[in-house]
Amino acid sequence: MLQQVANVDCSYNMTPEELYAKIAQSDALIVRSATKVTRQVFEAAKGKLKVVGRAGVGVDNVDLAAATEYGCLVVNAPTANTVAAAEHGIALMCALSRNVAQADASMKAGKWERNKYVGVSLVDKTLAIMGFGKVGGEVARRARGLGMTVIAYDPYASEEKARAVGVKLVTLDEALASGDFFSLHMPLTPGTKKMFNDAAFAKMKKGARIMNVARGGVIDDEALARALDAGIVAAAALDVFEEEPPKFEGHPLIGRPNVVCTPHLGASTTEAQEGVSTEVAEAVIDALQGKLSSTAVNAPLVSAEVLKELAPFVTLAEGLGKAAVTLVADQGFTDINVCYSSPRGDDLDTRLLRAMIIKGILEQITTANVNIVNADLLAKNRGLRISEVTIRTEGSDVLSSLSVALGTSKSTFSAAVDKTGRIYVEGSVKNGTPYLEKIGGFDVELAMQGSVLLCRQRDQPGIVGNVGMALAKGSINISFMTVCRTSRNEEAIMAIGIDDEPNAETLDDIRKVKGVQELAIFKD
């Protein structure tokens, strides 16, 4: 494929210096994870390099900021290994249910231990899929074929997508309490890091089995070891580790007889590797021919003039998306309603702003790199429906205000739900700084910088001082404080700028303050 459009040089095991020398003569570069495409590589290319193709999903080995700065598109191959990863998850589940790895090791040691390795059947068991994306969906299809009842936890998944494959979406607590087997497929984000901890394992049935082909960091290894010791978890299968390769000596899980380990083989099939090669080659060819690729992971070039004009509004759009999704509770949503108030009316090109809203939403719940090229596709793949309305207003700015509403009334902060039953946030730009101006039905004025603690409360004396003392007790410095109320002695929102995130004890102290009804934190 590549040889039909370019001269192809296959070079392996190059030193960085050898790569620097070759790259100055190259229009495209295709790499696997071992090759580090650093800022020095882009500097050595001197602007000639047009596209870097990563043959795989992760792009941790590519300096995306430098690539964008030097006008180089970065593409990857995110879909070709989906089936391979799902099949590996099923293989690990079967191995756990019938003690395949342990029985094999026993036979190789010259033993015949039929009674020791009696397994469990998969039919009529409940499989809880944790993270219902592409791989999770493929696992669900295969598990249904094995006669399993399949449930899924993913607060951002579409009900329609789940129903289409015979899967019931449930809450986290429901999944933990119901699952006989757990198949993990969530990304590693701040919200999922060590999600499977002591508290999570304590909610499981005794004798549960867990398979992880997602990311090592979603499991607290020490907590899983304790759950295995207690018999809460009967067995585990791990294809991924927090550090890869892991430190074998002293590892709490690898040496255990009831833990099956594989060295990150999820995508390691001949077919997947061929598919990845084809996918990345097609993306690189598109880029060389001047076409936009749906697998681009860095933003396309925008003129300096347009960037300068849109910069504060781009920040506003991403911030509103991030703020809205932060307020979503343990339930999914499919509808995103966006309203632009602009003097340009229907002449306003909303593509970049819409992409940044999607970026703010998806990058809180996935590891996707969202930009104007792939935003709509990624939203569609998540089952999201986006509707946009533009209202013509007076003024000279590009945008007078922007609002984002998510189609769910299930919020971690009930004051964020408007009269129509949606999580609603609105903002604008003042003197180049983006401001959050409305949460639900409350008018606020918060610069979208740093972290903010929100308190819904009764409008009564003493609350401000008591909350301040609770934060001081927790050594949390306050940068600003403002109170917004519906009317005297009625409901109010207090917004407090904080330099550090309060710990659980401090948050409990604040909740105990008389009149405080609920809390939420916006992180920068």
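All values reported here derive from a predicted model rather than from experimental measurement.
Distance check, rounded to the nearest 0.5 Å: CE of Met494 to CG of Leu519 gives 9.0 Å. A distance of 11.0 Å separates OH of Tyr153 from CG of Leu169, quoted to the nearest 0.5 Å. Rounding to the nearest 0.5 Å places CD of Glu388 at 4.5 Å from CZ of Arg354. The NZ atom of Lys168 sits 12.5 Å away from atom CZ of Arg163, with the distance rounded to the nearest 0.5 Å. The NZ atom of Lys438 sits 11.5 Å away from atom SG of Cys484, with the distance rounded to the nearest 0.5 Å.
For the pair Glu138 and Lys134, the salt-bridge criterion is not met [side-chain N within less than 4.0 Å of a carboxylate O]. Contact check on Asp180 versus Arg209 returns no salt bridge, with no Lys/Arg side-chain nitrogen under 4.0 Å from an Asp/Glu carboxylate oxygen. Electrostatic pairing of Asp104 and Lys108 counts as a salt bridge here, judged by a charged N lying under 4.0 Å from a carboxylate O. The pair Arg226-Asp229 fails the salt-bridge criterion, with no side-chain N (NZ, NE, NH1 or NH2) lying under 4.0 Å from an Asp/Glu carboxylate O. With salt bridges taken as basic N to acidic carboxylate O contacts below 4.0 Å, none links Glu491 and Arg458. Using a 4.0 Å cut-off between charged side-chain N and carboxylate O, Asp335 and Arg422 make no salt bridge.
Cation-pi geometry between Lys161 and Phe132 is met: the NZ or CZ atom falls under 6.0 Å from the ring centre, inside 45° of the normal.
Contact between Val135 and Ala86 at its shortest, heavy atoms only, is CG1-N, 3.8 Å. The minimum heavy-atom distance linking Leu188 with Gly217 is given by the pair CD1-C, 3.7 Å. Heavy-atom minimum distance, Ala415 versus Arg456: CB-CD, 3.5 Å. Looking at every heavy atom in both residues, Gln460 comes nearest to Lys514 through NE2-O, 3.4 Å. In plain terms, the two heavy atoms of Val240 and Gly216 that are nearest each other are CG2-N, 3.5 Å.
Proximity of a side-chain donor or acceptor of Glu426 to a complementary backbone N or O of Leu436 within less than 3.5 Å is not detected. Between the side chain of Ser178 and the main chain of Ala175, no donor-acceptor pair closer than 3.5 Å is present. One N or O on the side chain of Ser158 and one on the backbone of Glu160 form a donor-acceptor pair closer than 3.5 Å. Between the Asn197 side chain and the Ala200 main chain, a donor and an acceptor come within less than 3.5 Å of each other. Without hydrogens or angle criteria, Lys206 side chain to Ala230 main chain gives a donor-acceptor distance under 3.5 Å. Under a 3.5 Å cut-off, the side chain of Ser97 and the backbone N or O of Leu122 do not form any donor-acceptor pair. Without hydrogens or angle criteria, Gln364 side chain to Ile361 main chain gives no donor-acceptor distance under 3.5 Å. Judged by distance alone, with hydrogens and angles left aside, the side-chain atoms of Ser411 form a donor-acceptor pair with the main-chain N or O of Leu327 at under 3.5 Å. Although no hydrogens or angles enter the test, the distance criterion places a donor-acceptor pair under 3.5 Å between the side chain of Asp239 and the main chain of Leu265. Remark: side-chain polar atoms of Arg32 are paired, donor with acceptor, to backbone N or O of Ala55 under 3.5 angstrom.
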- Task: Carefully, step by step, assess Asp220 and Lys193 under the rule salt bridge (Lys or Arg N to Asp or Glu O under 4.0 Å).
- Result: CA-CA 8 Å; Asp220 182 331; Lys193 185 175 177 62; over 6 Å; no

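Proximity of Asn212 to Val218: side-chain heavy atoms (C-beta onward) are separated by under 4.5 Å at one or more points.
Using cut-offs of 30° and 60° on the angle between ring planes, the pair Phe196 and Phe201 is tilted.
Between the side chains of Asp173 and Thr171, no donor-acceptor pair of N or O atoms lies under 3.5 Å.
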